[in-house]
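Notes follow the structure.
Index from 1, following the sequence.
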Amino acid sequence: SGLVVVGKGAGQDADVFGWVSTYARTAQNMREAIESMVEYLPVLHSPGADVEFVSTNQTAEFRWHPFGDIGIDEQSTEHGLLLFMKLLEALGGKDFQPTSVNAVANIPLRDVAFMEERFRCKVHANAPATAIGLDVAFLDRPLRTSNRILRGLLKSYFLKVKNATRQTLIEQVEAYVRLELASRGCSLDRCAAKLDTTVRT
């Protein structure tokens, strides 16, 4: 998945993401929960992970890209999708259903069929990024597990961890190169854009 590589591990649940799972559950709504995951998964669970949440008026996607040195492995992609889906279902409740699922790996047809039955939506293999699509209307629905006090306490702790592990620009460039080199997506322009700086810098 680029974020988590597990063995057979079918018994694993969303709490494999540790405190990030708990923090997401304390959010006011699904949008805030996913934004929490994007902000803190790379800090507290998977350093260097490339995670993003993209939403417009019509569509929304929670996306992640595999680590370059891991390669595109169908088993880790499938397990990552299952774990993230379990977390989104835990957040959204029984009626949560994705609108689409993309997998960066070349998933075998039998596994695609299993995933489509499990996720109740179309699954596309060989996609540019692994992603779970969501209904935009679902994003602002209040979460039953929202807890403002616990969220404040966890955020205070997370910010301390984030500040303590903040990378220098050189370390950030090195992490980008390690992530992208094996996938042949490494370029000066993309690195500058990713780090929100200029090519000259």
Side-chain angles (χ1 to χ4, degrees), residues 1-47 49-65 76-103 114-124 127 129-163 165:
S1 69
L3 287 175
V4 58
V5 178
V6 294
K8 296 288 182 184
Q12 284 190 309
D13 61 25
D15 288 328
V16 71
F17 300 116
W19 283 108
V20 179
S21 299
T22 303
Y23 187 60
R25 287 186 177 106
T26 65
Q28 292 183 45
N29 53 47
M30 183 71 88
R31 184 189 302 275
E32 189 177 72
I34 295 173
E35 288 171 350
S36 302
M37 291 158 59
V38 169
E39 184 173 5
Y40 290 111
L41 274 169
V43 177
L44 293 151
H45 189 271
S46 308
D50 189 6
V51 194
E52 61 183 339
F53 177 55
V54 180
S55 82
T56 67
N57 290 335
Q58 288 81 35
T59 62
E61 273 192 345
F62 174 55
R63 302 175 187 158
W64 63 100
H65 303 268
S76 61
T77 299
E78 290 174 39
H79 278 86
L81 279 166
L82 284 165
L83 288 173
F84 278 120
M85 193 65 72
K86 285 181 180 180
L87 178 52
L88 291 172
E89 288 169 344
L91 293 168
K94 292 180 179 179
D95 62 339
F96 171 77
Q97 184 177 342
T99 56
S100 63
V101 170
N102 293 336
F114 162 77
M115 292 168 73
E116 288 183 342
E117 183 179 346
R118 167 64 178 82
F119 300 150
R120 295 172 292 149
C121 71
K122 195 73 179 161
V123 173
H124 305 278
T130 300
I132 298 173
L134 302 96
D135 184 346
V136 175
F138 205 88
L139 295 176
D140 297 316
R141 181 190 295 184
L143 297 187
R144 293 167 300 145
T145 54
S146 179
N147 186 318
R148 194 179 63 189
I149 295 173
L150 179 57
R151 187 168 185 80
L153 290 170
L154 287 174
K155 184 164 187 175
S156 175
Y157 167 69
F158 286 1
L159 287 173
K160 287 178 184 175
V161 173
K162 191 174 185 178
N163 289 332
T165 58

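Summarising the local packing, CD of E35 is surrounded by more than 12 heavy atoms from other residues, nucleotides or ligands at distances under 6.0 Å.
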Candidate pair L82 and R118, rule side-chain contact (heavy atoms from CB on, under 4.5 Å), full reasoning: CA-CA 9 Å; L82 284 165; R118 167 64 178 82; 4.1 Å; yes
Please step through side-chain contact (heavy atoms from CB on, under 4.5 Å) for the pair M85 and V101, ending with a clear verdict. CA-CA 10 Å; M85 193 65 72; V101 170; 3.9 Å; yes
Do M37 and F84 pass the side-chain contact (heavy atoms from CB on, under 4.5 Å) test, and can you show the C-alpha distance, the side-chain angles, and the key distance before you say yes or no? CA-CA 10 Å; M37 291 158 59; F84 278 120; 3.9 Å; yes
Would you sort out whether F17 and T22 count as a side-chain contact (heavy atoms from CB on, under 4.5 Å), showing the intermediate values? CA-CA 9 Å; F17 300 116; T22 303; over 6 Å; no
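Using a 4.5 Å heavy-atom cutoff, the side chains of I132 and P98 are in contact. L139 places none of its side-chain heavy atoms less than 4.5 Å from the side chain of N29. Within the 4.5 Å cutoff, the side chain of Y40 has no heavy atoms near those of the L154 side chain. Using a 4.5 Å heavy-atom cutoff, the side chains of W64 and L41 are not in contact. The closest side-chain heavy-atom distance from L81 to T130 is below 4.5 Å. At a threshold of 4.5 Å between non-hydrogen side-chain atoms, the residues V123 and N102 do not count as touching.
Heavy-atom minimum distance, V136 versus A60: CG2-N, 4.0 Å. When all heavy atoms of F138 and M30 are compared, the pair lying nearest together is CE2-CE, 3.6 Å. Minimum heavy-atom separation, A90 to R25: CB-NH2, 4.1 Å. Closest approach of S36 to A24, counting heavy atoms only: CB-CA, 4.5 Å.
When each of L87, L88, V51 is checked for a side chain to side chain contact (heavy atoms under 4.5 Å, CB included) with I34, only L88 meets the rule.
Note that NE2 of H124 is 6.0 Å distant from OG of S100, once rounded to the nearest 0.5 Å. A distance of 12.0 Å separates CZ in R31 from CG in L143, rounded to the nearest 0.5 Å.
Checking R151 against S146 by side-chain atom types alone, no donor-acceptor pair falls below 3.5 Å.
Remark: the backbone N or O of Y23 is paired with a side-chain donor or acceptor of T26 at under 3.5 angstrom. A donor-acceptor pair under 3.5 Å is absent between the side-chain atoms of E52 and the main chain of R63, judged by distance alone. The backbone N or O of P142 lies less than 3.5 Å from no partner atom in the side chain of Q28, so there is not a single donor-acceptor pair.
In this structure, F53 has its ring center at least 6.0 angstrom away from the ring center of F62.
With salt bridges taken as basic N to acidic carboxylate O contacts below 4.0 Å, none links E32 and R148. Between D135 and R141, none of the side-chain N atoms (NZ, or NE/NH1/NH2) sits under 4.0 Å from a carboxylate O, so this pair counts as no salt bridge.
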